[in-house]
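One structure is given below, encoded as structure tokens.
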Amino acid sequence: MRWSQALIPTLKETPADAVAASHILLTRAGLIRQLGAGAYTYLPLGLRVLRKASQIIREEMDRAGAQELLMPALSPVELWKESGRHANMGGILMELKLSGDRHYVLGPTHEEVVTDIARDLINSYKQMPITLYQIQTKFRDEPRPRFGILRTREFLMKDAYSFGSDLAQLNTAYDAMYEAYCRIFDRCGLPYAAVEAESGPIGGDSSHEFMVPCSVGEDSLIQCGACGYAANRERAEIGKPGQAVPQDHSAPAHQKVHTPGVRTIEELSKFLKVKTSATAKLLVFMADDKAVAVLIRGDHEANEAKVRRAFGASTLEPADAQQIIKATGAPIGFLGPIAIKIPFAVDHSVAAMATVVVGGNEEDVHFTGVIPGRDFALDRVLDLRNAEQGDPCPRCAGTLSVAQGIEIGHVFKLGTKYSKAMGANFLDDQGQSHNSIMGCYGIGVNRILAAAVETGHDDNGIIWPLAIAPYDVLVVPLQVTNALVMADAALLEERLTDAGFDVLLDDRDLRPGVKFKDADLIGVPLRVVISERGLKEGTLEVKWRHEKEAKTVPLQGGADAIAGMMREARAAHAAKCETRQVIRKSGHSSTN
RNA sequence: CGGGGCGUAGCUCAGCCUGGCUAGAGCGCCUGGUUUGGGACCAGGAAGUCGGAGGUUCGAAUCCUCUCGCCCCGACCA
């Protein structure tokens with residue numbers, strides 16, 4: 001491709017609206033262009049990267065035995081009513097009415113559509129296991145699109161769905177997808193972590209998110225540096241706190257303090273001049289419509305999934321002001337564990353405190369000097385809060401660290417949620433009918449670009465990983481009006497193209513500085529400069545985007561040398577992927 | 001949905017507070033010339049419903065009302 005003919009609208013200045021590095025650089029390098037909030041055009045350069053990532057995904061999905069199909073974005077609303085998600089997806093479902101009174105949905109994901117296919121076409125245990133996938137545009141009415149292509153209303157997703165006749169088939173399919181995901185992200189050159197995620201209906205270790213650590217990530221990634229434990233914030237367990245501070249049960253009884261209008265932990269902390277970590281808050285939830293409470297240290301956050309499990313509830317939501325008064329007799333802001341009448345659980349960190357400040361279950365009253373276990377019961381002490389930086393690891397003696405991350409993939413064991421709701425059944429070898437057992441597996445293709453740029457750039461621009469770069473080699477003739485220079489550039493382009501590389505030739509008649517700046521900006525891995533100066537010496541200049549220094553290679557046989565360098569780099573990367581695969585095999589599998 | 005910010009040329013922005021000549025600059029683009037290894041210079045040129053509607057006024061980019069869009073923080077996120 002000749003740059004002079006290509007639509008690569010690079011920008012010298014930073015677009016005013018862009019904040020994230022990926023947004024700024026993808027725009028400046030001419031890969032994307034914003035149309036509206038959460039809607040982007042992929043210009044030729046951007047599309048090339050999307051295609052390369054998609055191709056890697058396809059190859060690995062096929063290798064894992066999945067079959068590609070293509071489902072429509074448009075689906076009848078009835079399907080969504082059948083599954084129950086028409087009511088449950090919040091506001092993100094994009095709905096539209098077509099002429100007449102036909103009511104459609106633009107698919108935010110495709111469990112319903114694929115389950116509809118399965119109930120029609122997969123009726124026998126002999127057809128299973130089977131995994132189907134597609135790479136297709138999804139639509140979600142995101143309340144707040146963000147960070148360029150990181151969160152958009154329309155995005156490319158690889159979604160796969162497995163159907164099995166028993167749990168063993170589900171586990172096999174899940175493990176195959178997990179391994180395929182590792183291979184995909186390895187090949188794409190992304191620094192990712194597979195973390196445990198909230199497992200949903202099947203329980204156990206049945207969901208993983210693939211995250212790329214990065215400051216603009218919207219998810220939290222909790223990791224133990226010592227043993228490799230990794231989970232998202234919703235899922236992360238916390239180890240038991242170390243030796244508790246000794247309690248003095250013979251200490252004077254707790255004190256009643258008048259705290260007019262002191263409703264928040266912040267206010268309480270200021271009013272009594274104690275640290276927020278010396279206080280505790282009683283949070284009331286409606287667990288399957290029954291009021292329950294948890295006692296959490298003032299500076300901590302409750303984890304609703306943990307609270308839900310603690311009370312064995314299937315649904316949980318925070319109680320509103322009225323429910324709280326009804327349940328505790330006190331207004332919000334003055335709740336405490338002493339003489340409370342609803343079931344409550346205490347977080348480990350509160351149980352370990354020597355004394356604590358809590359609400360008095362009476363307006364404008366708090367108690368100080370409260371001793372856990374003496375002044376209120378410690379029948380139910382559990383892990384109930386979100387993990388934080390420095391918390392003990394649940395698996396070893398290490399401590400947890402918290403980082404932000406971009407979720408680029410998610411694997412999930414669905415079980416029979418959809419097959420049951422929609423009647424996707426099969427007959428077993430005894431002629432008995434069962435619901436198919438499903439798994440679903442998603443990859444955000446656009447997010448691969450965003451994550452690659454977030455983790456691969458410098459002050460001058462993008463540094464693409466080899467495997468998904470829009471072009472492999474950028475050939476830069478410095479004097480395009482010099483016929484000799486151009487002839488050599490054209491020859492090099494031809495040779496490298498014939499050798500199977502994607503070549504961009506910067507034939508624009510611009511000053512060298514401009515061409516170098518643009519080269520760094522778009523981040524093509526290998527840059528080859530052909531100049532009058534070099535030709536006199538019989539050399540080409542070759543520079544990797546990720547390295548500082550350029551090398552010279554002889555003009556004679558230059559194409560072969562450059563092709564060799566590229567092949568070597570590819571081989572080195574493949575070897576690295578291979579090594580990681582071996583490490584995974586020798587390590588623990590996802591389901592043990 | 002709550003809070004904050006911003007809409008003026010393809011991009012970055014000035015002008016608005018305190019209304020008044022033909023609405024400006026830099027970058028980019030077009031023409032010509034000089035330049036040529038890290039975002040050159042000179043001369044000339046094209047390019048704008050000042051987001052939109054209504055109002056106030058002799059007169060509105062500027063003041064008022066409404067509205068649309070975009071960005072950030074929060075809520076939300078199968």
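A quick note: this is a predicted structure, and the numbers were derived from the prediction, not measured. Chain letters run A, B, ... following the sequence lines, proteins first and then strands; every chain starts at 1.
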From OH of Tyr441(A) across to P of rA78(B) the rounded distance in Å is 18 Å

Here the distance between atom C1' of rG39(B) and atom CG of Leu510(A), to the nearest Å, is 10 Å

Notebook entry, point to check: In whole Å, what separates the C1' atom of rG38(B) from that of rG44(B)?
Noted result: 29 Å

Rounded to whole Å, CG of Asp509(A) lies from P of rG37(B) at a distance of 13 Å

The side chain to side chain donor-acceptor pair (under 3.5 Å) partners of Arg146(A) (sequence neighbours excluded) come to Glu218(A)

Under 3.5 Å, side-chain donor or acceptor atoms of residues 510-520 of chain A against the rest of the protein: list the pairs with distances, not counting sequence neighbours.
| unit_1 | atom_1 | unit_2 | atom_2 | d |
| --- | --- | --- | --- | --- |
| Lys515(A) | NZ | Pro477(A) | O | 2.9 |
| Lys515(A) | NZ | Asp506(A) | O | 3.0 |
| Lys515(A) | NZ | Arg508(A) | O | 2.7 |
| Asp518(A) | OD1 | Thr10(A) | OG1 | 3.1 |
| Asp518(A) | OD2 | Thr10(A) | OG1 | 3.4 |
| Asp518(A) | OD2 | Arg508(A) | NH1 | 3.1 |
| Asp518(A) | OD2 | Arg508(A) | NH2 | 3.1 |

Determine the contact category for Asp518(A): base if any of its heavy atoms lies under 4.0 Å from a base atom, sugar-phosphate if only primed atoms, P, OP1 or OP2 are that close, otherwise nothing. base

Whole-Å distance, Glu142(A) CD to rA78(B) P, equals 10 Å

P atom, rC6(B) versus rC17(B): distance in rounded Å? 15 Å

Exercise for review: Say whether Lys138(A) and His110(A), considering side chains only, have a donor N or O and an acceptor N or O under 3.5 Å apart.
Suggested key: yes

Considering every strand and a 4.0 Å limit on heavy-atom distances, what is the contact class for Gln34(A): base, sugar-phosphate, or nothing?
sugar-phosphate

Which part of the nucleic acid, if any, lies within reach of Phe147(A) when heavy atoms closer than 4.0 Å are counted: base, sugar-phosphate only, or nothing? sugar-phosphate

Next on the checklist: Classify Arg233(A) by what it touches in the nucleic acid, base, sugar-phosphate, or nothing, heavy-atom distance under 4.0 Å.
Outcome noted: nothing

(request) With P as the reference atom in both, quote the distance from rA14(B) to rA9(B) in angstrom, rounded to an integer. (result) 12 Å

Considering only distance and modelled atom types, tabulate donor-acceptor pairs under 3.5 Å from the side chains of residues 27-39 of chain A, sequence neighbours left out.
| unit_1 | atom_1 | unit_2 | atom_2 | d |
| --- | --- | --- | --- | --- |
| Thr27(A) | OG1 | His23(A) | O | 2.7 |
| Arg28(A) | NE | Leu11(A) | O | 2.9 |
| Arg28(A) | NH2 | Leu11(A) | O | 3.3 |
| Arg28(A) | NH2 | Lys12(A) | O | 3.4 |
| Gln34(A) | NE2 | Gly36(A) | O | 3.0 |

By the Watson-Crick or G-U definition, both distances under 3.5 Å, rA75(B) is matched with none

Set out, line by line, the N/O atom pairs under 3.5 Å between protein and nucleotides 41-48 of chain B.
none

* Taking atom types as they are modelled, is there a donor-acceptor pair under 3.5 Å from the base of rA75(B) to the side chain of Arg144(A)? -> no

With sequence neighbours left out, the residues meeting side chain to side chain donor-acceptor pair (under 3.5 Å) with Asp488(A) are none

ask   = For Ser531(A), which contact category applies under a 4.0 Å heavy-atom criterion: base, sugar-phosphate, or nothing?
value = base

Per nearest nucleotide of RNA chain B, the residue lying toward the 5' end, Lys515(A) or Phe155(A), is Lys515(A)

**Study point:** Distance between C1' atoms of rC68(B) and rU12(B) (Å, rounded)
**Key:** 24 Å

Using Watson-Crick geometry (N1-N3 plus N6-O4 or O6-N4) or G-U wobble (N1-O2, O6-N3), each under 3.5 Å, rU65(B) is paired with rA53(B)

Base, sugar-phosphate alone, or nothing: which one does Arg33(A) contact when heavy atoms must sit under 4.0 Å apart?
-> sugar-phosphate

Q.
OP1 or OP2 of rA40(B) versus the side-chain N and O atoms of Arg511(A): is any pair under 4.0 Å?
A. yes

By the Watson-Crick or G-U definition, both distances under 3.5 Å, rG39(B) is matched with none

Taken to the nearest whole Å, CZ/Arg447(A) to C1'/rC77(B) is 9 Å

*Base, sugar-phosphate, or nothing: which does Asn88(A) touch, judged by heavy atoms less than 4.0 Å apart?*
nothing

Ranking rC70(B), rA75(B), rG39(B) by distance to the side chain of Leu521(A), first place goes to rG39(B)

In whole angstroms, the gap separating C1' of rG74(B) from CD of Glu218(A) amounts to 13 Å

Applying the 3.5 Å cut-off to both distances, the Watson-Crick or G-U partner of rG19(B) turns out to be none

Applying the 3.5 Å cut-off to both distances, the Watson-Crick or G-U partner of rA60(B) turns out to be none

No-hydrogen, no-angle side-chain donor-acceptor test under 3.5 Å, Ser22(A) and Glu454(A):
yes

Taken to the nearest whole Å, CZ/Arg151(A) to C1'/rC76(B) is 9 Å

Contacts of Glu234(A) meeting side chain to side chain donor-acceptor pair (under 3.5 Å) (sequence neighbours excluded), chain-then-number -> none

The side chain to side chain donor-acceptor pair (under 3.5 Å) partners of Glu493(A) (sequence neighbours excluded) come to Arg2(A)

Just call it for Gly36(A): base, sugar-phosphate, or nothing, with non-hydrogen atoms closer than 4.0 Å on any strand.
sugar-phosphate

In whole angstroms, the gap separating C1' of rC29(B) from CG of Leu7(A) amounts to 14 Å

Testing rG37(B), rC71(B), rA78(B) for proximity to the side chain of Ala37(A), the answer is rC71(B)

Applying the 3.5 Å cut-off to both distances, the Watson-Crick or G-U partner of rG28(B) turns out to be none

With the side chain defined as heavy atoms from C-beta on, Arg146(A) is closest, among rC70(B), rC72(B), rG38(B), to rC72(B)

message: Under a 3.5 Å cutoff, is there a donor and acceptor pairing between the side chains of Tyr174(A) and Ser206(A)?
response: no

His546(A) meets the ring pair (Phe, Tyr, Trp, His ring centres under 6.0 Å) criterion, sequence neighbours left out, with Trp544(A)

Partner of rC70(B) under the Watson-Crick or G-U wobble criteria, both distances under 3.5 Å, comes out as rG5(B)

Exercise. Using 4.0 Å as the upper bound for N to carboxylate O, is an ion pair formed by Asp219(A) and Arg233(A)?
Worked result: no

| task | Quote, to the nearest angstrom, the C1' distance that separates rC76(B) from rU18(B). | result | 44 Å

*Does Arg28(A) get its side chain close enough to the base of rG10(B), under 3.5 Å, for a donor-acceptor pair?*
no

Salt bridge Arg545(A)-Asp458(A), side-chain N to carboxylate O under 4.0 Å: yes

Within residues 12-20 of chain A, the residues having a heavy atom closer than 4.0 Å to RNA chain B are Lys12(A), Glu13(A), Thr14(A), Pro15(A), Ala16(A), Asp17(A), Val19(A)

